Visitor: 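Could you have a look at this structure, given as structure tokens, before my questions?
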Amino acid sequence: MIALRLAFSDPSQASARALYFDAHRQYLRSTPLRILLSGPFLSETGLPLGALIVAEVASLQELQDFSAADPFVRHAVYGEVKILTWSLSLSALAGLPIA
């Protein structure tokens, strides 16, 4: 199944974001989770508002467990995290399964 993690930054945690950024990035790059796409979304002025992960998982629990161990989640850089199932209906990216 394809699942999304939508994470919304807590603006009051900018110093924690800077402090844990390298650990967060290393965590994303070292996981066995099959991350298909990942990256931040930005405000009009370029400030990070949050991030999106699109992953192929066996269950939502797999992404929930991964998310719970993310340094940005553990240190409250994100004020809100949503994990959702996603039914992809159109893609120009090779290899993504379309429902």
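Since this is a predicted model, take the numbers as computed values, not measurements. Atom set for the values below is all heavy atoms of this structure, side chains included, hydrogens, waters and symmetry mates excluded.
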Visitor: Can Phe41 be reached from Val77 by stepping across I, L, V, M, F, W or Y side chains whose heavy atoms are under 4.5 Å apart?
Guide: no

Visitor: Mind checking whether Arg74 and Tyr27 have side chains closer than 4.5 Å, heavy atoms only?
Guide: no

Visitor: Would you compute the distance between atom OG of Ser67 and atom CG of Leu60 and round it to the nearest 0.5 angstrom?
Guide: 11.5 Å

Visitor: Quick check: closest heavy atoms across Ala51 and Tyr78, and the distance to 0.1 Å?
Guide: CB-OH, 3.5 Å

Visitor: Is the closest side-chain heavy-atom distance between Val57 and Met1 below 4.5 Å?
Guide: yes

Visitor: To check you understand the geometry: which heavy-atom pair defines the closest contact between Leu33 and Glu62, and what is its length?
Guide: CD1-OE2, 3.5 Å

Visitor: Please examine the side chains of Leu84 and Trp86, heavy atoms only from C-beta on, and report whether any two atoms are closer than 4.5 Å.
Guide: no

Visitor: Tell me every residue that passes salt bridge (charged side-chain N to carboxylate O under 4.0 Å, His left out) with Glu80, counting only those two or more places apart in sequence or in another chain.
Guide: Lys82

Visitor: Calculate, to the nearest 0.5 Å, the distance between atoms CD1 and CD1 belonging to Ile53 and Ile35 respectively.
Guide: 4.5 Å

Visitor: Nearest 0.5 Å, please: how far is NE2 in His75 from CD in Gln13?
Guide: 11.0 Å

Visitor: Nearest 0.5 Å please: distance from the CG atom of Leu49 over to the CG atom of Leu42.
Guide: 7.0 Å

Visitor: With the 4.5 Å side-chain cut-off for hydrophobic clustering, are Leu36 and Leu6 part of the same group?
Guide: yes

Visitor: Do Phe72 and Arg25 have side-chain heavy atoms sitting under 4.5 Å apart?
Guide: no

Visitor: Identify whether Leu28 and Val54 are in the same connected component of the hydrophobic contact network (ILVMFWY, side-chain heavy atoms under 4.5 Å).
Guide: no

Visitor: Output the distance between atom CZ (Phe8) and atom CG (Leu52), rounded to the nearest 0.5 Å.
Guide: 9.5 Å

Visitor: Looking only at side-chain N and O atoms, does Asp65 offer a donor or acceptor that is under 3.5 Å from a partner on Gln61?
Guide: yes

Visitor: What is the distance from atom CZ of Arg5 to atom CG of Leu63, rounded to the nearest 0.5 Å?
Guide: 7.0 Å

